[in-house]
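What follows is a single structure, written as structure tokens, with notes after it.
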Amino acid sequence: PMTEALTALVAQQERAKLKNIMTTVREKVREGTSLADALGEHRKVFTDLYVNMVRVGEASGTLDIVLERLADFLESNVRLRSKVTSAMIYPVLMAGVGLLIVTLMMLLVVPRMVELFEDMGGELPLLTRILIFLSDTASNTWFIGLPATIAGIWWFRRYIQTEKGRWWWDRVRLRAPLFGPVIRLVSVARFARTLATLLTSGVPVLSSLDIVRTIVNNVVLAKAIDDAKVAVREGESLAVPLQKSALFPPMMTHMIAIGEKTGQLEGMLKNVADAYDAEVDSRVTMLTAVMEPVMIVGMGIMVAFLVFAILMPMLKMNEVITGG
């Protein structure tokens, strides 16, 4: 029975917040509320996709099947997100460590070396003068640069939360070199898999498009889905407006068109999602393979610059002493 199943879920929860939510859901169901309505009161935990699929499952008497499909869908999304996140950890970590090392060198080590170089007299090599200039700039302007950077980040985060800023930022993300195609493929794969899951569960096409637009996490793609919804409502094929938007890959729109003609749209969308998930894996692996040597070379160049800028005056001083 539903209440016993929910009681088991409550007992299994280790996080207090989720335990309280599931307890509330159980009590609502026990009082006669549908599971979908009980879950719908907690939109921060259970999304529109989740609630609508549960509602369809309850109405059609196939709740167990719908929940299995929903679990498969959510697990697939988690795997994809985990792969992308894990692929980005190493480059970001290397960049952060490199920036920290350079900052510490500029603020702590180089100023002391400058005093030694000034005591030597004579003209310093170009690399050393560049290093001293950068160090002086960092030491004398950090109290301006740090607040300005924090303010800039704060302003940027506020700006991309506005309608105009979000539109600009999402367009930039889609057009960004290297990362843009991956972001587009992730969104397209999510769109295809979600739509396939909803249609297979019996959710009407227009309602499915309403839900799907909220999970692509990109207002530019969401606008294209809205246009497609309008076209479908007027009796047009789903593939045509998606193709006109030029935001969805040609293979996807052709597969959708074939699926609509053959009555196998759900299966075609699932195949598209599988294909693009595999392509995302391939591209993420390629990006990681490319970024690792690039980051290593970049850090090597920074280290070489620091070493030569510091050692060259020392070698010059040694030559003067030896010559003397």
Side-chain angles (χ1 to χ4, degrees), residues 17 21 39-52 73-74 77-78 80-85 87-89 91-93 95-96 99 141-195 198 203 205-234 238 241-249 252-253 276 280 283-284 287 291:
K17 182 178 179 180
I21 290 174
L39 298 176
E41 295 181 5
H42 307 279
R43 294 287 181 174
K44 291 184 178 180
V45 177
F46 302 100
T47 62
D48 289 341
L49 166 69
Y50 203 110
V51 173
N52 279 279
F73 168 77
L74 294 175
N77 274 353
V78 168
L80 179 60
R81 186 165 56 248
S82 298
K83 288 176 182 177
V84 175
T85 302
M88 294 302 299
I89 287 176
V92 171
L93 183 61
L99 181 62
T141 62
W142 69 267
F143 57 90
I144 299 175
L146 183 60
T149 301
I150 295 174
I153 294 173
W154 176 84
W155 176 85
F156 177 75
R157 290 174 63 88
R158 290 290 300 271
Y159 177 67
I160 62 175
Q161 290 175 0
T162 64
E163 182 178 353
K164 182 179 178 181
R166 180 65 187 274
W167 184 270
W168 170 82
W169 177 237
D170 284 348
R171 288 182 69 88
V172 169
R173 289 170 59 203
L174 291 176
R175 295 178 178 180
L178 296 179
F179 296 101
V182 176
I183 293 172
R184 186 191 300 267
L185 285 174
V186 169
S187 298
V188 166
R190 185 179 297 173
F191 165 83
R193 192 172 299 282
T194 307
L195 187 57
L198 289 167
V203 181
V205 175
L206 295 180
S207 300
S208 298
L209 291 174
D210 267 337
I211 298 170
V212 169
R213 71 175 302 282
T214 65
I215 59 94
V216 293
N217 196 31
N218 189 291
V219 295
V220 178
L221 292 174
K223 176 63 168 59
I225 295 171
D226 283 338
D227 294 341
K229 178 187 171 184
V230 173
V232 171
R233 184 185 290 120
E234 294 175 354
L238 174 62
L242 294 181
Q243 185 177 16
K244 288 180 180 178
S245 71
L247 294 171
F248 294 85
M252 179 177 184
T253 56
Y276 287 138
V280 167
R283 286 187 179 240
V284 168
L287 277 176
M291 289 184 66

Worksheet item: Heavy atoms, side chains only, cut-off 4.5 Å: are Thr194 and Leu198 in contact?
Response: yes

Item to complete: Flag yes if more than 12 heavy atoms outside Gln161 fall under 6.0 Å of its CD atom; otherwise flag no.
Response: yes

Fill in: Heavy-atom pair of closest approach, residues Val188 and Phe248
CG2-CD2, 4.0 Å

Discussion item. Quick check: closest heavy atoms across Arg173 and Asn218, and the distance to 0.1 Å?
Written reply: NH1-ND2, 4.4 Å

Discussion item. Between Lys229 and Asp226 (salt bridge meaning N to carboxylate O under 4.0 Å), is one present in this structure?
Written reply: no

Worksheet item: So do the side chains of Val45 and Tyr50 get within less than 4.5 Å of each other, counting heavy atoms only?
Response: no

Discussion item. Between Val51 and Arg43, is there a side-chain heavy-atom distance shorter than 4.5 Å?
Written reply: yes

Discussion item. Going by the rule side chain to side chain donor-acceptor pair (under 3.5 Å), which residues pair with Lys223 if we only count those two or more places apart in sequence or in a different chain?
Written reply: Asp227

Fill in: Distance, nearest 0.5 Å, that separates CG of Leu242 from CZ of Phe191
5.0 Å

Item to complete: Evaluate the ring planes of Phe156 and Trp168, with Trp represented by its six-membered ring, and classify them as parallel (under 30°), tilted (30 to 60°) or perpendicular (over 60°).
Response: perpendicular

Fill in: CA sep, side-chain torsions, deciding dist, call: Asp210, Leu206, side-chain contact (heavy atoms from CB on, under 4.5 Å)
CA-CA 6 Å; Asp210 267 337; Leu206 295 180; 5.7 Å; no

Item to complete: Identify the two heavy atoms, one from Asp170 and one from Val220, that lie closest to each other, and give their separation to 0.1 Å.
Response: CB-CG2, 4.0 Å

Would you be so kind as to tabulate the donor-acceptor pairs closer than 3.5 Å made by side chains of residues 175-183, with sequence neighbours excluded?
none

Worksheet item: If you look at every heavy atom in Leu209 and Ile225, which pair is closest and at what distance?
Response: O-CG2, 3.7 Å

Practice prompt. Return each pair, listed once, that meets side chain to side chain donor-acceptor pair (under 3.5 Å) where at least one residue sits in residues 178-193; pairs must be two or more places apart or across chains.
Written response: Ser76-Arg193, Arg193-Asp274, Arg193-Asp277

Worksheet item: What are the two closest heavy atoms between Val232 and Leu238, and how far apart are they?
Response: CG2-CA, 3.9 Å

Discussion item. Minimum heavy-atom separation for Gly165 and Thr162, please, with both atom names.
Written reply: N-OG1, 3.1 Å

Worksheet entry | Ring centers of Tyr159, Trp169 separated by less than 6.0 Å | no

Discussion item. When you measure from the side chain of Ser208 to the backbone of Val203, do you find a donor-acceptor pair of N or O atoms at a distance under 3.5 Å?
Written reply: yes

